[in-house]
Amino acid sequence: MKQIIIFQFRRGELEHGEQAAFECRLGVPKDRLRFINMTRDTIYPRLDEVAGIIVAGSGDNSMTEDHPWYSDLCDYLQQTFKMGIPYLGVCFGHQLLCRMLGARVINDKAQRELGSVSITLTPEGASDVLFKDVPQTFQTIAGHNDSVADLPKDFILLAQNATCGVQALRYKTEAIYGVQFHPEMTEEDYRSRLLYYRKHYES
């Protein structure tokens with residue numbers, strides 16, 4: 001049975017909370033999901049066992065820095081793209097996608113977001129299947145220091161706001177998506193994360 005592979009970077013209680021959030025929001029049986037934590041796991045699933053890829057967020061890493069797992073993960077993801085396996089990058093996963101395809105990821109205080117944010121779909125986003133039944137302007141949860149500065153080649157901008165210009169994008173011909181915000185999170189998930197990072201946010 002093929003599985004949706006979710007690459008994680010968080011540890012401890014946030015790792016488990018993130019797993020629960022994706023399990024709830026995806027609405028698929030738990031045995032269809034496989035979580036791989038890049039801070040400790042080094043074995044990637046066989047490509048013929050993969051139904052889709054999600055690369056999740058990371059509060060403790062920056063895509064403006066180098067990471068020991070980066071090259072191997074990018075090589076693996078490139079193989080999944082060639083096979084037409086759907087991809088969704090969430091926050092850190094969105095930035096990783098863009099960086100590996102040649103776009104710039106920057107740390108710009110003016111583009112930082114924390115909390116409930118308003119996002120507006122572009123005309124292309126409003127007609128995209130990912131945002132089916134979503135209002136043209138909607139509220140969602142965001143929390144990021146880094147942001148994507150420009151679109152990778154052959155990608156379409158799907159959503160933006162006044163703070164961060166690249167909130168969602170898609171490859172022109174394949175189901176390869178990135179979103180800067182956190183569609184998997186509820187208000188309770190967000191509250192737990194705020195409490196976990198409280199000292200960091202207060203500094």
Side-chain angles (χ1 to χ4, degrees), residues 6-10 14 18 21-22 25 38-39 53-67 69-71 73-74 77-78 81 87-126 128 130-131 134-172 175-185 187 189-190 193-194 196-198 200-203:
I6 302 176
F7 289 98
Q8 293 185 276
F9 306 87
R10 304 183 194 277
L14 290 186
E18 186 174 67
F22 277 113
R25 300 292 275 187
M38 294 304 299
T39 67
I53 299 281
I54 296 174
V55 178
S58 173
D60 298 314
N61 294 284
S62 170
M63 195 40 64
T64 64
E65 301 170 354
D66 293 325
H67 304 282
W69 44 260
Y70 179 78
S71 293
L73 178 57
C74 289
L77 293 175
Q78 290 283 13
F81 296 163
Y87 173 97
L88 174 64
V90 176
C91 195
F92 189 68
H94 163 74
Q95 297 161 10
L96 185 149
L97 170 69
C98 293
R99 177 181 164 182
M100 70 180 282
L101 296 178
R104 292 176 300 134
V105 177
I106 60 174
N107 187 288
D108 178 5
K109 290 183 178 180
Q111 294 193 50
R112 292 179 182 178
E113 295 178 303
L114 179 64
S116 179
V117 298
S118 178
I119 305 242
T120 299
L121 298 175
T122 64
E124 293 80 6
D128 194 276
L130 186 68
F131 293 103
V134 174
Q136 185 170 7
T137 298
F138 61 96
Q139 295 291 126
T140 188
I141 294 171
H144 63 97
N145 292 314
D146 299 338
S147 54
V148 175
D150 41 38
L151 291 176
K153 182 182 178 181
D154 295 326
F155 272 72
I156 299 168
L157 182 67
L158 301 181
Q160 58 192 344
N161 66 9
T163 303
C164 183
V166 184
Q167 288 284 357
L169 47 71
R170 173 180 58 82
Y171 189 62
K172 286 183 178 179
I176 301 174
Y177 289 88
V179 296
Q180 183 58 75
F181 49 92
H182 285 277
E184 81 281 9
M185 292 182 68
E187 290 182 0
D189 296 328
Y190 178 60
R193 194 166 294 177
L194 276 180
Y196 184 89
Y197 285 117
R198 179 172 53 192
H200 170 74
Y201 292 140
E202 290 174 348
S203 63

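Position 1 is the first residue of the sequence; numbering continues from there.
- Under a 3.5 Å cut-off, the side chain of Arg170 and the backbone N or O of Leu158 do not form any donor-acceptor pair.
- Judged purely by atom type and a 3.5 angstrom limit, Glu113 has no side-chain atom pairing as donor or acceptor with the backbone of Thr163.
- Residues Gly178 and Leu97 come closest through the heavy atom pair N-CD2, 4.2 Å.
- His182 and Val90 get closest at one heavy-atom pair: ND1-CG1, 3.7 Å.
- When all heavy atoms of Ala168 and Leu157 are compared, the closest pair comes out as O-CD1, 3.6 Å.
- Within the model, atoms CD of Gln167 and CD1 of Ile119 stand 3.5 Å from one another, a figure rounded to the nearest 0.5 Å.
- Looking at every heavy atom in both residues, Val148 comes nearest to Asp150 through CG1-O, 3.1 Å.
- Atom CZ of Phe22 is separated from atom CD of Gln8 by 7.5 Å, given to the nearest 0.5 angstrom.
- Contact between Cys91 and Gly57 at its shortest, heavy atoms only, is CB-CA, 4.3 Å.
- For the pair His94 and Val179, the tightest heavy-atom approach, listed with the atom from each and the gap, is CB-O, 3.2 Å.
- Taking the six-membered ring where the residue is Trp, the centroids of Phe9 and Trp69 are separated by under 6.0 Å.
- For the residue pair Gln180 / Gln111, no side-chain donor-acceptor distance below 3.5 Å is found, with atom types taken as modelled.
- Residues satisfying the ring-ring contact (aromatic ring centres under 6.0 Å, His included) criterion with Phe81, sequence neighbours excluded, are Tyr87.
- For the pair Arg112/Asn107, a side-chain contact is recorded, criterion being any heavy-atom separation below 4.5 Å from C-beta on.
- Rounded to the nearest 0.5 angstrom, Lys109 NZ and Ser147 OG are separated by 13.5 Å.
- Contact annotation: the side chain of Asn145 never approaches that of Ser62 to less than 4.5 Å [non-hydrogen atoms, C-beta and beyond].
- Gln160 has its side chain within reach of Thr122: a pair of non-hydrogen atoms, C-beta onward, lies under 4.5 Å apart.
- Looking at heavy atoms from C-beta onward, Asp154 lies in side-chain contact with Tyr171 at the 4.5 angstrom threshold.
- Thr140 is listed as a side-chain neighbour of Val117, based on a closest heavy-atom distance under 4.5 Å.
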Item to check | Trace of the side chain to side chain contact (heavy atoms under 4.5 Å, CB included) decision for Leu169 with Cys98 | outcome: CA-CA 9 Å; Leu169 47 71; Cys98 293; 3.5 Å; yes
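- Atom CE of residue Met63 and atom OH of residue Tyr70 lie 6.5 Å apart, to the nearest 0.5 angstrom.
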